[in-house]
Amino acid sequence: MTVKIKTNQSRRFTIPVPYSFLYVFSSLLSSKFLWRQVDMWIRHQLGRTDFSIAPLDATVIKRFLSVVITELKQQRGLVIVDVTLQDGTQVMIRL
C-alpha cells in the first residue's frame with residue numbers, strides 16, 4: 001500500500017505502508033484493553049455509570065479484520081482515496 005501526497009509547491013511524498021502495519025493495527029483494534037478504555041471513556045463523557053456498550057468478542061473482530069486485509073492484498077493497484085484539496089494538495093492511497 002502506498003500513500004502519495006503532492007503539494008502545490010512541487011513537493012511530493014511517497015510513503016510505503018507494509019501490510020504488517022495493518023495487521024498490527026487490527027490487533028490493536030481487537031484488544032480487550034481498548035474496548036474497556038472506550039467503555040470507561042463513554043461512561044465518563046455521559047456522566048452515567050449504568051450505561052455500557054456491549055463490545056464484540058475480540059476474536060471475532062480479529063478474524064473479520066484479517067479477512068478484510070487478505071482480500072485487500074488480492075486487489076493490488078486499487079485506488080482507495082484520490083482527493084484534491086482546495087489549496088492544490090493531492091492525496092492518493094493505492095493498494
Side-chain angles (χ1 to χ4, degrees):
M1 176 183 295
T2 57
V3 177
K4 293 183 181 181
I5 302 170
K6 180 182 168 187
T7 63
N8 58 354
Q9 289 93 11
S10 301
R11 294 188 184 181
R12 294 181 184 193
F13 302 100
T14 302
I15 305 166
V17 179
Y19 284 100
S20 59
F21 285 144
L22 294 178
Y23 281 113
V24 169
F25 183 68
S26 70
S27 66
L28 288 175
L29 280 179
S30 63
S31 69
K32 291 181 181 180
F33 175 76
L34 177 74
W35 285 104
R36 280 195 303 261
Q37 294 300 319
V38 168
D39 192 36
M40 285 188 342
W41 181 78
I42 289 174
R43 286 182 186 186
H44 177 72
Q45 291 296 321
L46 292 178
R48 294 177 16 194
T49 58
D50 60 341
F51 181 79
S52 177
I53 61 169
L56 296 173
D57 187 25
T59 57
V60 173
I61 295 171
K62 187 162 182 85
R63 274 193 226 133
F64 173 73
L65 291 175
S66 67
V67 168
V68 168
I69 292 171
T70 54
E71 288 297 321
L72 287 176
K73 279 184 174 181
Q74 296 176 2
Q75 302 295 325
R76 297 211 183 244
L78 179 69
V79 176
I80 297 176
V81 175
D82 191 5
V83 178
T84 303
L85 302 176
Q86 290 179 350
D87 64 353
T89 303
Q90 296 176 348
V91 177
M92 185 172 68
I93 300 175
R94 180 185 301 248
L95 294 176

Check your understanding: Are Val24 and Ile93 co-members of a hydrophobic cluster defined by side-chain heavy atoms under 4.5 Å apart?
Key -> no
**Study point:** Linked, directly or transitively: Phe33 and Leu29 (ILVMFWY side chains, under 4.5 Å)
**Key:** no
Practice item. Is it possible for you to say whether Val68 and Val79 belong to one hydrophobic cluster, with membership spreading through side-chain heavy-atom contacts below 4.5 Å? Key: no
Review point. To the nearest 0.5 Å, how far apart are NZ in Lys6 and OG1 in Thr84?
Key: 9.0 Å
Point to revise | Tyr23 OH: over 12 foreign heavy atoms closer than 6.0 Å | key: yes
Exercise for review: Look up atom NZ in Lys32 and atom CD1 in Ile61, then write down how far apart they are to the nearest 0.5 Å.
Suggested key: 11.0 Å
Check your understanding: When rounded to the nearest 0.5 angstrom, what is the spacing between OH in Tyr19 and CD1 in Ile69?
Key -> 9.5 Å
**Study point:** Side chains of Leu34 and Leu28 in contact at under 4.5 Å (non-hydrogen atoms)
**Key:** no
Study note, to complete from the structure: Closest non-hydrogen contact found for Leu95 with Leu72 is CD1-O, 3.6 Å
Check your understanding: Rounded to the nearest 0.5 Å, how far does CZ of Phe25 lie from OG of Ser30?
Key -> 10.5 Å
Review point. Side-chain heavy atoms under 4.5 angstrom apart, residues restricted to Ile, Leu, Val, Met, Phe, Trp, Tyr: same cluster for Leu78 and Ile15?
Key: yes
Check your understanding: Distance from Thr7 atom OG1 to Leu85 atom CG, nearest 0.5 Å?
Key -> 11.0 Å
Practice item. State the CZ-CE distance between Arg94 and Met92, to the nearest 0.5 angstrom. Key: 4.0 Å
Review point. Hey, quick one: are Val81 and Val3 part of the same hydrophobic cluster, counting side-chain heavy atoms closer than 4.5 Å, chains of contacts allowed?
Key: yes
